[in-house]
Amino acid sequence: MISIRHLSKTFKNPDGGTISPLKDVNCDIEKGEVISIIGPSGTGKSTLLRAINMLEPPTSGQIIVDGKDVTAGKYPLDKLRMKMGMVFQSFNLFEHMTVLENIVYAPMALLHLSREKAEGEAMELLKKVGMAQKADVYPSALSGGQKQRVAIARSLAMHPEVILFDEPTSALDPTMVGEVLSVIRQLAKEGMTMLIVTHEMRFARDVSTRIFFMNEGIIYEDGTPEQIFNHPVHSATKAFVNRIQKLVYEIDSDEFDFLQIHTGFGQFCAKYNIAEKAAPAYEITKQMLFGLLKEVRPLTLRLTHTELSGETALDFMAEGLTESPLPGGSALDGIKALSKDIVEEPTSRGFRVKVLL
């Protein structure tokens, strides 16, 4: 459906230098594939999507769409963009139009549909994304997740052959991410061809038929989710997909700032879309620091979240200990009620109590 050969893109900096987010991209995209594009920031993921539909014309290379070279200068760009819907980070809805008007505008102007037909199709699409009840509302009255669902419906209204998603959840509150991802999952089940730039690793693993790991301006590794996440070839891929996010506090005395820990837990859990873990993490930490581990100082407290596996844990690490500082018996009942498991293990420098949330 789409073939990309030796694609590069170079921008000029204000200081006269250049930057090349795309250096030599090569790939083939087949009809019905769902390809998630992952990788560190600044490695050309969004630039690749924008180049594919010529929003950012490439500096060199070819993009072949249905056998036609769209980079040759003769391919009509309006026809190309009718084939390729694009959903942006920032929604890009017309604020002066209602939800329904946002969706019918392009089909009426470009596909020459009658208003009656355009509105009928638009309402069906709004039902698909769960937004039919908001048809007469203006975008300013919608949440971020609702705006993005409308943006998806607007893209579908043009009957595209492929949809390009440029980090569709990055501008959303963590509580709204799920509603957008569920719409994309449904489109994947229906066989829509999609390229999705995303930082949601678990989503990418679950929904994709292929993964592109981009690094240093190229597709560093291309494979199935099983290959990329479980058996990556390159060390850079392995390091990226197994990212462990962490928040660390050093507890040197009883004068530590517990309010700072409470606030930090809330922000950390919201950032990584695990808001439901904040309250048990806070309560377990309170029981540990003020009760079960009150006599253990200094102590390192660490909250970790592994993006790929979804594991979230609290680590309480004490240097110099050779055995667990926790009491036995019923003293741990409160912690057990709030956690999945408690692991007590020696380390090279002391002892660690790991509480899985």
Side-chain angles (χ1 to χ4, degrees), residues 1-4 29-35 46 48-58 62-142 146-166 168 180 183-184 186-196:
M1 187 177 184
I2 301 172
S3 293
I4 296 174
I29 299 158
E30 303 292 342
K31 184 175 177 61
E33 287 194 298
V34 178
I35 299 175
S46 294
L48 175 58
L49 288 196
R50 295 175 67 86
I52 288 174
N53 73 354
M54 299 296 285
L55 285 175
E56 292 286 359
Q62 291 181 302
I63 302 171
I64 311 297
V65 179
D66 292 335
K68 304 290 185 180
D69 184 354
V70 302
T71 59
K74 298 179 180 179
Y75 196 96
L77 295 185
D78 57 346
K79 182 179 179 181
L80 174 68
R81 290 167 187 160
M82 287 168 67
K83 287 175 176 282
M84 296 184 184
M86 189 154 184
V87 178
F88 301 88
Q89 299 178 38
S90 53
F91 325 127
N92 290 0
L93 299 178
F94 295 118
E95 293 292 334
H96 66 288
M97 295 182 180
T98 65
V99 165
L100 184 62
E101 289 168 343
N102 263 279
I103 296 174
V104 303
Y105 177 78
M108 290 174 61
L110 300 177
L111 300 182
H112 307 295
L113 297 188
S114 67
R115 174 169 289 277
E116 181 181 7
K117 183 171 178 57
E119 289 187 353
E121 291 187 2
M123 289 306 299
E124 289 301 313
L125 291 171
L126 286 173
K127 290 176 185 176
K128 179 191 284 282
V129 300
M131 291 295 294
Q133 75 281 8
K134 300 289 186 179
D136 297 323
V137 170
Y138 286 89
S140 60
L142 302 178
Q146 290 172 330
K147 288 180 182 179
Q148 196 61 292
R149 284 187 280 159
V150 172
I152 293 172
R154 181 181 61 179
S155 178
L156 291 170
M158 292 297 292
H159 305 286
E161 296 177 15
V162 59
I163 300 182
L164 312 176
F165 290 90
D166 185 10
V180 173
V183 172
I184 300 175
Q186 183 58 40
L187 293 175
K189 290 179 181 178
E190 295 172 2
M192 173 62 72
T193 308
M194 295 185 284
L195 275 74
I196 310 165

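What's counted below: heavy atoms across the whole structure, side chains too, no hydrogens, waters or symmetry copies.
Minimum heavy-atom separation, Pro58 to Ala51: CD-O, 4.4 Å. Residues Asp166 and Gln89 approach most closely at O-CG, 3.0 Å, considering heavy atoms. Residue Asn53 comes nearest to Arg50 through the heavy atom pair OD1-O, 3.0 Å, listed as atom of the first residue, atom of the second, then distance. Taking every heavy atom of both residues into account, Glu30 and Thr193 meet most closely at O-CG2, 3.8 Å. Here the closest heavy-atom approach between residue Gly85 and residue Ser155 is recorded as CA-OG, 3.2 Å. The shortest non-hydrogen separation linking Val87 to Gln148 is CG1-OE1, 3.2 Å.
Residues Val104 and Arg115 have side chains in contact (heavy-atom distance under 4.5 Å, counting atoms from C-beta outward). Between Val65 and Val162 the shortest side-chain heavy-atom distance does not fall below 4.5 Å. Counting only heavy atoms from C-beta outward, the side chains of Glu33 and Met1 never approach each other to under 4.5 Å. Annotation: side chain of Leu93 is not in contact with side chain of Val99 (no heavy-atom distance under 4.5 Å). The shortest side-chain heavy-atom distance between Leu156 and Leu187 falls under the 4.5 Å cut-off. Put simply, the side chain of Val150 does not reach to within 4.5 Å of the side chain of Lys134, judged on heavy atoms. Side-chain contact between Phe165 and Met194 is present, with at least one heavy-atom pair separated by less than 4.5 Å. Between Ile152 and Ile184, the closest side-chain pair of non-hydrogen atoms falls below 4.5 Å.
Between the OH atom of Tyr138 and the CG atom of Asn102 there is a distance of 10.5 Å, given to the nearest 0.5 Å. Here CD of Glu161 is found 5.0 Å from CG of Asp66. Values are rounded to the nearest 0.5 Å. Between Met108 atom CE and Lys117 atom NZ the span is 13.0 Å, to the nearest 0.5 Å. Taken from CG in Leu195 to CD1 in Ile35, the straight-line distance is 5.0 Å, to the nearest 0.5 Å. The line from CZ of Phe94 to CD1 of Ile103 is 12.5 Å long, rounded to the nearest 0.5 Å. Leu125 contributes atom CG, which lies 13.0 Å from atom CE of Met131 (distance to the nearest 0.5 angstrom).
A salt bridge does not link Glu124 with Lys128: every distance from a Lys NZ or Arg NE/NH1/NH2 to an Asp or Glu carboxylate oxygen is 4.0 Å or more.
A donor-acceptor pair under 3.5 Å is formed between the side chain of Arg149 and the backbone N or O of Val129.
No option in Ile63, Val70, Asp69 other than Val70 meets the side-chain contact (heavy atoms from CB on, under 4.5 Å) test with Tyr75. For the side-chain contact (heavy atoms from CB on, under 4.5 Å) with Arg81, the lone residue among Met54, Met158, Met86 that qualifies is Met54.
Within 6.0 Å of the CD atom in Glu95, the count of heavy atoms belonging to other residues, nucleotides or ligands exceeds 12.
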